[in-house]
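Just the heavy atoms: all of them, side chains too, but no hydrogens, waters or symmetry mates, feed the values below. Chain A is the first sequence line, chain B the second, and so forth, proteins listed ahead of strands; every chain is numbered from 1.
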Amino acid sequence: MRLENVWLRYHRRGPWVLRGVDVRIGPGEVAVVLGRNGVGKSTLLQVAGGVLRPGRGRVADRPGRVGWVPERFPADQPFTVARYLTGMARVAGLDGPAADEAVTGWTDRLGLAAFRAVRLPELSKGTAQKVGLAQAMLRPPGLLVLDEPWEGLDATTRELVPELIDEVLTAGGAVLVSDHRGETVRLPGARRWTVADGTVTEETSAPDEAIAVVEVAVPAARVAGTVARLRADGHQVLRVRPDASSNKPQAVDGAGAVVEQAAGETR
Amino acid sequence: MSALIRLRLAGFLRTGRALAPLLAGLVVLGTLYGGGRAQPAEAYGVSAVVLFPVLAWQTKILLDVEPDVQRRLAQVAVGVARERLAGLLAAGVAALVAVAVALVFPWLVGGVTGPVDPSDRSVPVGVALGVWAHLLAVPAAVALGALASRASVGGAGYGVAVLALGGVGAVVLGLAGSVVPWLAPPIMATARTTAGDAAALTLLGLTAWAVAWSAAAFGGYLWRRRAQG
C-alpha cells in the first residue's frame, strides 16, 4: 500500500495536517507511527485505513479488508458487547454461524467472555478498548490500523497485542500502529515513521553510524514517563539503574534514577 | 449493507430516541383527525404535509444517534459510499413505518369517511392517492433530515436551523401563488391536488418534481458529507 503525495486538512481554510506525505508499506510489514501529541499520527492512520480521504494525493493498493482500532472506542451505543460484535461481524460480511463463531472466539481470547451481556456504556475504558480490538479482528484484516492500542489495556492484553500483530503479519497482512507510551519496543522488527510538521520521515537503520550513550538523571517517580517519551521519540533506552548518589537526601523526590539511552542510532 | 441498515435501525430503536418523533407524529395526526371526518385523498394529502417535518426530524435523530467514530468504523468495514447509503436507507425504512402508521391511524379514530356524493372518489382511489402523497414526501423528508444531520452540518445548532428552515420553507414556499415553489418539495401542491382534480399529467409532474428535488437534496447531503470528511 502506498500513500502518494498525501495532503490533508480538516477544514477548507484550516492548516494542513499532512503535507505531501509519501510512504509505503508492504505485506508482512509493520510500521510504528511516532510523534508528539497533535502532530497528526491519528490522521495519518485514518488516511491509511480509509477513514479520511486525502485532500490531495492518493492512497494506492490499500488491502480490501481493513481493521481499524480507534484511539477511543465509541462506547456510547445501546448494545451489549455480544450484540455489538455480532452486528459488526455481519457488517463485515460474516454470515450468522460464522459471525457467532468469530465473536465467541475473540471475546474468549480477549477476556471479554464475562462481559458479553454487558451494555457498552457500562464498560470500563480498558474493556471498551478490548471491544474495539475485537471488532477489528473479527475478519482477518489485510491491513490492521491500531491507534494507541495499548491505551487502557491490562497487562495481559497488552502482551496480546504484539501476538495479534504477528498473526496478521504471518497471514500476509500489514500493520500500522501509533504509540506514544513506548510500548512499541515490543515490536522489534517494526519500521518507524516519525510525523512532524505535517511530514512523515522514515527512520532508517544505519549500522555504521556512530552511537552515543547519554545518561539522563530523572526523579525516580518520573522514570516510567521519561522512558516512554524517549522511546516514543525513537531513542533506544538501554537500561534504568538507581542513582548511586540517591542515598543522599534529595530536594524533590527523595530518590533518583539514571536512564541510559543510546542516541543517534535511529535518526 | 443490509446488516449495517439493521444495526443502525437497532441503535435508533434501542436508544429510545425513536419515541420523540413517534409521539410528535401521533400528536399531529390526532390534531388533524380530531376536527372531523374527511374523505381519504383529502385527509391523506394534509397528513403528508404535517408528517413531512416529523419524518425529517426522525431522520436527523436516526443519523445522529450513531457516534461519529462508529460511523467511521462502518466506513472502514463497508466503504464510504455504502455507509452513506445504508444510513439513508435505514432512515427510509423508519419513515415508511411512520407512513404506514399515518395511513392506518385515521381508520382507527374514525377520521375518514367514504364517498358522500356520487362525484366523490371511491375509497380505494382515495387511499391510492394518499399512499402516493406520502411516498412523495418520504424521500424529500429523508433528504432534509440527512442535510440537517450532524455528519452533514457538523454542529447541532446548524442542524436544527436547517431542519426548521426546511420544514417551514416547504410549507411557505409551497403556498398557492408562491413565486419560487420549486425551491421546496411539492408536498403542498400534492395536498392541493389530492383535494381537487388529480389529472394523470399533474400526478406525473408532481412525481417528477419530488424526485428532482429529492435528488438535488441528496446530492447536497453527499456533497456535505464529502466536505466534512
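Contact detail for V91(A) and A3(B): the closest heavy-atom pair is N-CB, 3.7 Å. Nearest heavy atom pair, residue G49(A) against residue V76(B), reads O-CG2, 4.0 Å.
With chain B as partner, the option from R72(A), R65(A), Q46(A) having the largest number of non-hydrogen pairs under 4.5 angstrom is Q46(A). With chain A as the partner, the residue from A77(B), S2(B), P67(B) showing the most heavy-atom pairs under 4.5 Å is P67(B). Here L73(B) is the residue among L4(B), T15(B), L7(B), L73(B) with the most heavy-atom pairs under 4.5 Å with chain A.
For residues 39-84 of chain A, every residue pair satisfying the ring pair (Phe, Tyr, Trp, His ring centres under 6.0 Å) rule, not counting sequence neighbours, is listed here: F73(A)-Y84(A). Counting only residues at least two apart or in different chains, ring pair (Phe, Tyr, Trp, His ring centres under 6.0 Å) contacts with residues 50-87 of chain B are absent.
Within a 6.0 Å sphere centred on OH of Y10(A), other residues, nucleotides and ligands contribute more than 12 heavy atoms. Within a 6.0 Å sphere centred on CZ of R24(A), other residues, nucleotides and ligands contribute 12 heavy atoms or fewer. The neighbour count for D197(A) CG, taken as heavy atoms of other residues, nucleotides or ligands under 6.0 Å away, does not exceed 12. For CG of D76(A), the number of neighbouring non-hydrogen atoms (other residues, nucleotides, ligands) closer than 6.0 Å is 12 at most. More than 12 heavy atoms of other residues, nucleotides or ligands lie within 6.0 Å of CZ in R109(A), so this atom counts as buried by the packing criterion. Heavy-atom neighbours of E101(A) CD from other residues, nucleotides or ligands within 6.0 Å: at or below the threshold of 12.
Checked against ring pair (Phe, Tyr, Trp, His ring centres under 6.0 Å), W7(A) has the following partners two or more places apart in sequence or in another chain: W16(A).
Inter-residue side-chain proximity for Q77(A) and R14(B) is flagged as unmet; no heavy-atom pair is nearer than 4.5 Å. Two residues are said to be in side-chain contact when any heavy atoms from C-beta on lie closer than 4.5 Å; Q75(B) and R53(A) fail this criterion.
Residues of residues 136-146 of chain A having a heavy atom under 4.5 Å from any heavy atom of chain B: none.
Heavy atoms closer than 4.5 Å to chain A are found nowhere in A86(B), neither backbone nor side chain.
Here R90(A) contributes atom CZ and R6(B) contributes atom CZ; the two are 6.5 Å apart, rounded to the nearest 0.5 Å.
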